[in-house]
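The structure appears right after this line, and notes come after that.
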There are 2 protein chains.
Amino acid sequence: MQRVSATKEAILAAALELGALHGISGTTMEQVAERAGVAKGSVYYNFSSKDKLFGELLTTGVSKLAQTLHDARLSASGFAGVEAMVTAMLSLLEANRALSKLMAAEIFRTDRAWQESIFALRREALTEIEEALVPLVPAGTSEAMRLLMAGGIFGATLMGGLEWLLFSPQTPVSDVAAALLFTLSGKLDAGPTPPTLG
Amino acid sequence: MQRVSATKEAILAAALELGALHGISGTTMEQVAERAGVAKGSVYYNFSSKDKLFGELLTTGVSKLAQTLHDARLSASGFAGVEAMVTAMLSLLEANRALSKLMAAEIFRTDRAWQESIFALRREALTEIEEALVPLVPAGTSEAMRLLMAGGIFGATLMGGLEWLLFSPQTPVSDVAAALLFTLSGKLDAGPTPPTLG
DNA sequence: GTCTATAAATAGATAGAC
DNA sequence: GTCTATCTATTTATAGAC
């Protein structure tokens, strides 16, 4: 009584790897079928269109990322919460390299069929970080500013993580987390300071 | 005695806008020609292939980014140098939104014809940031660690910048810079500390 | 230098046998 | 559920008139 069939799993895995290598538009359904070890007809039997296939892939992936950040945020408070989120996100990137590359390339696209749901999930992930920042920024800081900061932390982790996985994958995750957190610590770590930001 | 013809300029501009909207693989030479107001034959007269066209576009763009970071680094020392680089990069992103989106989507692709030159230029940009970090990190910090930090700062600026331009473009660049720099200040700003990083 | 027309290959998607 | 075969449209690229 498995949730999804083995064929569907194989198709999703093939699409993920090919999408990370060549982008979504650069990946053909024929290639997906070949890599999954099935015929193209079987791909269309499981996914009615290319958009549906990659939409499901990305929605699931970003959703998992948001959930990971949520769990990490609840695991610690103060700056330790941010540390936990960065570290958990790095581990997720390491365990899902293909998905990470795909996300990085697709997260700002504005012309996809699945755009709305991805944007909503991305916002969900950012909001997790933003909420962890509330007690760490000056009292008068607006939510918009906190979201920009959250975007920065998210971007630092995603790009730093991809830099790591592509160009120095032998570095242990703890070192990468330490490097990224070093650039983030300091004022955040010191707790609330007088309001100087809009 | 212009360096490039008006037609070539129009083609490059059209390719840039369309590439930012639909990705490179998702943009056709026919669309580029139409948007540039020329026939497809004229596009191929100026660029022998689609790869050459987008390769030139990206190479020029990332090169400009590296140059911008270089100039900003020389304009100030210490943490002020990092501040100058982040602010200059944000201004560049704002002035070249389409290029920014294209870069974000393409900078980690590993299957492009122009991959090597882009990777070299990206590394050049990162090295600019990395050099500015030398006097700001603990004495024993390795170059690899500094490059990871640089990747984080680069990613924070790129993603924070795109977040800004896509979702709250009314925010002035100074506020965005302040938000991103707030998360980066602190330990960096405080100068060298005892070596605790590999 | 710019155009139209077209070649040659490939894409997403469907039909229908098994 | 999975396959082969195929339809239709699109894509990169070229040829050759102007």
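Chain letters run A, B, ... following the sequence lines, proteins first and then strands; every chain starts at 1. Values below: every heavy atom of this structure, side chains too, minus hydrogens, waters and symmetry copies.
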Winner on side-chain proximity to B:Y44, out of C:dA11, C:dC3, D:dT14, is D:dT14
Does the Lys NZ or Arg CZ of B:K40 fall within the cation-pi geometry relative to B:Y45 - under 6.0 Å from the ring centre and within 45° of the axis?
no
Nucleotide C:dA9, atom P - distance to NZ of B:K50 in whole Å:
19 Å
Spacing of B:K52 atom NZ relative to D:dA13 atom P, expressed in whole Å:
10 Å
How many whole angstroms separate atom CE of B:M29 from atom P of D:dT14?
10 Å
Would you kindly give the CD1-to-P distance between B:I11 and C:dG1, to the nearest whole Å?
12 Å
With the side chain counted from C-beta on, respond yes when A:L18 and A:H22 share a heavy-atom pair under 4.5 Å apart, and no when they do not.
yes
When rounded to whole Å, the OH to C1' distance for the pair B:Y45 and C:dG1 reads 5 Å
B:E30 CD to C:dC3 C1', straight-line distance once rounded to whole Å:
12 Å
Tell me the closest heavy-atom pair linking B:A20 and B:A98, and the distance in Å.
CB-O, 3.3 Å
What residues form a ring pair (Phe, Tyr, Trp, His ring centres under 6.0 Å) with A:F167, not counting sequence neighbours?
B:F119
For A:S25, answer base if it contacts any base atom (sugar-phosphate contacts may also be present), sugar-phosphate if it contacts only those atoms, and nothing otherwise; contact means non-hydrogen atoms under 4.0 Å.
nothing
Phosphate-side-chain proximity, A:T7 and D:dT2, N/O vs OP1/OP2 below 4.0 Å:
yes
Please confirm whether the shortest side-chain N or O distance from A:S42 to OP1 or OP2 of D:dC3 is below 4.0 Å.
yes
Are B:K8 and B:F47 in a cation-pi setup, meaning NZ or CZ lies under 6.0 angstrom from the ring centre and within 45 degrees of the ring axis?
yes
Is the shortest heavy-atom distance from the side chain of A:E163 to the side chain of B:F154 under 4.5 Å?
no
Can you confirm whether B:M85 sits close enough to B:E128 that some side-chain heavy atom of one is under 4.5 Å from a side-chain heavy atom of the other?
yes
What's the angle between the local helix axes at either end of the helix from C:dG1-D:dC18 to C:dC18-D:dG1, using five pairs per end and rounding to 10 degrees?
0°
Atom-pair distance (CG on A:L53; P on C:dA13), nearest Å:
10 Å
Rounded distance (Å) that lies between atom C1' of C:dA15 and atom NZ of A:K40
13 Å
